[in-house]
Amino acid sequence: MAAIIQGIGAATALTSPNSLDIKKSFLSISPRSLSVRKGSSFVVSSDGRLSYGLNGRGGRAEHFITNAVAAKEDTAAASTSSKPGHELLLFEALREGLEEEMDRDPTVCVMGEDVGHYGGSYKVTKGLAPKYGDLRVLDTPIAENSFTGMGIGAAMTGLRPVVEGMNMGFLLLAFNQISNNCGMLHYTSGGQFKIPIVIRGPGGVGRQLGAEHSQRLESYFQSIPGIQMVACSTPYNAKGLMKAAIRSDNPVILFEHVLLYNLKERIQDEEYVLNLEEAEMVRPGEHVTILTYSRMRYHVMQAAKTLVNKGYDPEVIDIRSLKPFDLYTIGKSVKKTHRVLIVEECMRTGGIGASLTAAITENFHDYLDAPIVCLSSQDVPTPYAGTLENWTVVQPPQIVTAVEQLCQ
Amino acid sequence: MASWFLKSTRSSSIRGVIRKLPMAFSGECTAVGIVRRRFGSMEAGQKLDPCGSSEEEDYSDNIAYQNQDLNFPGGKVPLTSQMKFISEASHKRLPCYRVLNDDGSLISNTIHEQVGEDVAVNMYSAMVTLKTMDTLLYEAQRQGRISFYMTSFGEEAVNIASAAALSPQDFVLPQYREAGVLLWRGFTVQECTNQCFGNKDDKGKGRQMPVHYGSNKHNVITISSPLATQISQAAGVAYSLKMDKRGACAVAFTGDGGTSEGDFHAGLNFAAVMEAPVIFICRNNGWAISTPVHEQFRSDGVVAKGLGYGIRSIRVDGNDVIAVYSAIGAARNMAINEGRPILVEAMTYRVGHHSTSDDSTKYRPMNEIEYWKTARNPISIFKKYIERYGWWSEDKESELARNVKKQVLEAIKTAEGMEKPALTEMFTDVYDQMPPNLYEQERSIRDSMKKYPKDYPIDLHV
């Protein structure tokens, strides 16, 4: 996979095989060097000045993020017009990515509950059914295990389905198909049948949706061999990851978050595809590495504001790729800062943070000056009451405290 | 325990069967476009459902219909002011389509496909091959040479005749007792034994249990152990075939036990709603390991469930080669030309044990097994049929038996002697390209092997 590419020339704890043997078709479409957002290395300083912060270069102290939601400007290198790109919301970005892929490849199809004429519960598939017809945007009866199975069957015979779970929690009903078939059939068939399916849907803790609708399924799925998992957090990476997931020949689970669908961002007009296995550098720093993904990215960035005011310089990385982890980017950061804080929404037991802690300890133990700290939700079902629900999710003040303790 | 299997299920008139099916064969129902169907529920009461109401004798025992219809989402329904519950069982079970008598003679006035000599003899040979392969591989398991095996004794006709009625482009999703379908399509006995021994020539690269065959070349998906997962996948395959307009159908097999799984319900429901060209073949062989059908469901077998999903169905004698061949052929034409799913319940009997891990004499009487092994044996019945036409003789029989036995024994010997897959194959195909963590894990094993060679089997190839 493309993670190999990141190993070129870098002395990491990983042993990388000969990268020339590994081909990744989409590299020819958007090689890493052309991707403008090489991890969001842009900071907007308080006087509105743009600076192109490249990873690890100095002078960070006076730059800080003005708001928690990433609001990036295009560089001159990428844009040719005076007002480059277009603004859109995250769910529109997902749709744009989906639509571009459906235009490009007639085998891409969508299936799920209410995705067709209703346009999807979160409007991600709005307008697609009238455009592509009922056959390519399929409304299914309510049987998650079965429409996931259906997607797998369709994928094995040449289609590239995008299966939507109305809420990630409902995909628990599809666990049999995802684990026993989706992840396995390419292997058990000796490589004869491939399953280029994308399974996507909103998950995470919303606003008082109750325990069953606030599941963090990445914890349960992370152990399944054969699948890839990515989590989007901005309109820019949502579109790029959607496109990459559709083009991948492996089964990919794309985790969206219920509360992030209305984020607005300006993205480029030109086509781009992101790397499924790459993490995103949100804010370069020196003192501590903060690893996070999805909604927690915004809590971290809010805490970062406070931390900067207090004189800390946190490096924030949105890991994006939940399976496999981008240990190259993470490792580079750990070697620089020697301190790691993981902020996640999963439960403490068996979550992404738990696996990430193990992976970092195994690979970069020598570079750590302090034990890894992992902030996660408690091991309780998500309560309905608003105050209780807030306490179950990691909040910025806790992140600030954790960094202060870590950096003592 | 259900005693239905001891009764003769001969149908008196095939035409009577056709009349009793609720849907008209003229295909009026399919004239309704997808869009209209989709929004049919929103036009409740605006239009009469063109498929009409089912015939009275199918359901109601003397219900008095009034001359009025009620509007509801989903269409109009006729009124009655009699409060009458529909019985849980009709007074007569749904009939079973059969063409051959037990002595191999044709039942008079039957509708069936004419089978030529070549096809008939090929089908017979394939059935014998399947049985011989099953016998010898079962014994091989008993001798400890393979770890596991499942036989198809008693179900050879369902296997071979259904495969013969399909075309090679039809995509098959088996359960696990349909090795005959692969054999018919050209998957060799050698390839079967390679899979059972898990050697390096196995198409599955030694990754699945024995009998979990799969071959994309023959359009048969690799078998996955959990029951009924292939049923909902079949709906997806059919959807894919329909989108690409490939003029082929999907075929999913299951047993009577598999119909209790959630995937059966949803797979059939989906296929009906999506108007997907798929044939669901249920081998109702009476037993799900030790669970008899009476403890599996209380419906009139599986064919009765078709109506519940709006799927055209038929019950057929699974031990009658000509009946299965005809029914599947007809089902295929309907599925493809009319774009609809078909449910075929093939009544048969599982003569063997569920698998090599089972001893069925513990839960069923020996005389029951003997009866189905002898008097209702599909292979002997069909043999009598082809002998009647002069297409077969005792000489040909002994020659076939000799050749097939030799072929299977050689295949087993070859497969047994062949190398197992290399260590690398443990890590390939998990993804399309091998990721770094798997490279590391492979390297870790190799290091271990170098350090402690005595702890690893000698024939482990790297």
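In what follows, every chain begins at residue 1, and chains take the letters A, B, ... in the order their sequences are listed.
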Side-chain heavy atoms of A:F325 within contact of B:N437, under 4.5 Å
no
I'd like to check A:M156 versus B:N216 (side-chain heavy atoms, cut-off strictly below 4.5 Å). Are they in contact?
no
Heavy-atom pair of closest approach, residues B:Y239 and A:C109:
OH-CB, 3.8 Å
Minimum heavy-atom separation for B:R207 and A:G190, please, with both atom names.
NH1-CA, 3.5 Å
Is A:M111 close to chain B through its backbone or its side chain, or both, or neither, when contacts mean heavy atoms under 4.5 Å?
side chain
Side-chain contact test, heavy atoms from C-beta onward, threshold under 4.5 Å: evaluate it for B:K217 versus A:Q192 and give yes or no.
no
Of all of B:M243, B:E425, B:R246, which one pairs up most often with chain A through heavy atoms under 4.5 Å apart?
B:M243
Can you tell if the side chain of B:L241 reaches within under 4.5 Å of the side chain of A:T157, non-hydrogen atoms only?
no
Just give me the residue among B:I221, B:N269, B:V237, B:I231 that pairs up with chain A most often, heavy atom to heavy atom, under 4.5 Å.
B:V237
Quick one: of B:G206, B:A235, B:S215, who has the most non-hydrogen atom pairs under 4.5 Å with chain A?
B:S215
Taking all non-hydrogen atoms of both residues, which atom of A:F193 and which atom of B:V220 are closest, and how far apart?
CZ-O, 3.4 Å
Answer key: most heavy-atom pairs under 4.5 Å with chain A among B:V430, B:D429, B:V273 is B:D429
Given heavy-atom pairs under 4.5 angstrom as the criterion, report whether the side chain, backbone, both or neither of A:I142 touches chain B.
neither
Would you say the side chain of B:K205 lies within less than 4.5 Å of the side chain of A:Y187, judging by non-hydrogen atoms?
no
Between A:A143 and B:A266, the two heavy atoms sitting closest are CB-CB, 3.5 Å
Do A:N176 and B:T229 have side-chain heavy atoms sitting under 4.5 Å apart?
yes
